[in-house]
Amino acid sequence: MSLANPQTSEAGPLAAIGEYAAGPREYFALLKPRVMSLVVLTALAGMLAAPGKLHPVVGFASLLAIAVGAGASGALNMWWDADIDIQMARTRLRPVPAGVIAPNDALAFGLILSLLSVLTLAVVANFLAAGLLAFTIFFYLVIYTMWLKRSTPQNIVIGGAAGALPPIVGCAAASGHVTLDAFVLFAIIFVWTPPHFWALALVKCRDYERAGVPMMPNVKGPDHTRLEILVYTLILAPLGALPWLMGAAGAIYGAASVALALPLLGLAWKVYRVREGVEANKTAMRLFGFTILYLFALFGIIVFERGFGLFARWGL
Amino acid sequence: MTHLPPRQGLRLTERQIKNRRMRNIAIGLCVTFLVVLFYVITIVKVGPGILRPEG
């Protein structure tokens, strides 16, 4: 850990405020806990949807390793992106740009946790799961953060694969192989990512422009982005119901996937139609918020159905 | 007798000292948790038969 005095070291622009005096709370923030909570939920759904029985202790330890791996990639992302994070209102108070944690400390923290999480998963579960977790971290850091994010408006489309992998890692940890059900869960998150991020990017496009990040609204324009959001949502709505249609999820999931798809499509249509003024931003933020609810609800129901044995017992 | 000049080394602020202590406690708790977790996992995966002699 760095104990350097910011007045005599290579301090960040706001280091005088932060003094590089990070406590456990700041290091926890480096793990992107909100993203981590979604990873935990989706990986758990992948685990529970996998065939076979899993010992609860092994399941808990595997889930912990996956969560820490996701957190580690978040820390490494913040280390690499500190220069652009400080230019955006949404991210400028993150620990590294705020000068609370030195960049090298964030790098060391991320690398150590990456190694620890992958090795733990190899010991606790199996090498396939550990290899997939290592690939997820690599993909998020090198392919998305270092390469795609600053070079193409398709950054979050391709990079979204990293965020979609946790159900596959969870399935591999639980069963030792990857099933078609896990691939469907992967596909749902993969197709969900563009409308989720582009809804936010429509509102924050000036931030992204200032930071030089080529998000879709900055490169192809807001109208094209609205069309792409609508197209991806039209694919997502039936895809969301696929686990139920395939028999991998129960009736509660089926009903929820249909019930949630309607307002999702409605909001995407409204984002496509309302293009001017404050109302356009409000609608985009409403869609952004609803996409979070949509994904949490779908995967939460899979966990609920499988976790409480409703699916196995009554086919619910 | 020679007088040494006052040390010009790094001076930590009160906040840095407090947070360093908190970090040390957090690391200690994490390591303890990992030790317990790996012990439990070993028992779960290998089972109580680890102490039983072969034959």
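Below, chain A is the first sequence line, B the second, and so on; all start at residue 1.
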Quick check: are there more than 12 heavy atoms from other residues, nucleotides or ligands sitting under 6.0 Å from CZ of F127(A)?
no

Are any non-hydrogen side-chain atoms of L34(B) and L116(A) less than 4.5 angstrom apart?
yes

Note, L64(A) side chain near L37(B) side chain (heavy atom, < 4.5 Å):
yes

Which value, rounded to the nearest 0.5 Å, describes the distance between E26(A) atom CD and R23(B) atom CZ?
9.5 Å

Report yes if some heavy atom in the side chain of I41(B) is under 4.5 Å from a heavy atom in the side chain of F60(A); otherwise report no.
no

Identify the two heavy atoms, one from K45(B) and one from V124(A), that lie closest to each other, and give their separation to 0.1 Å.
NZ-O, 2.6 Å

Taking atom CE of M22(B) as the centre, report whether more than 12 heavy atoms of other residues, nucleotides or ligands fall under 6.0 Å from it.
no

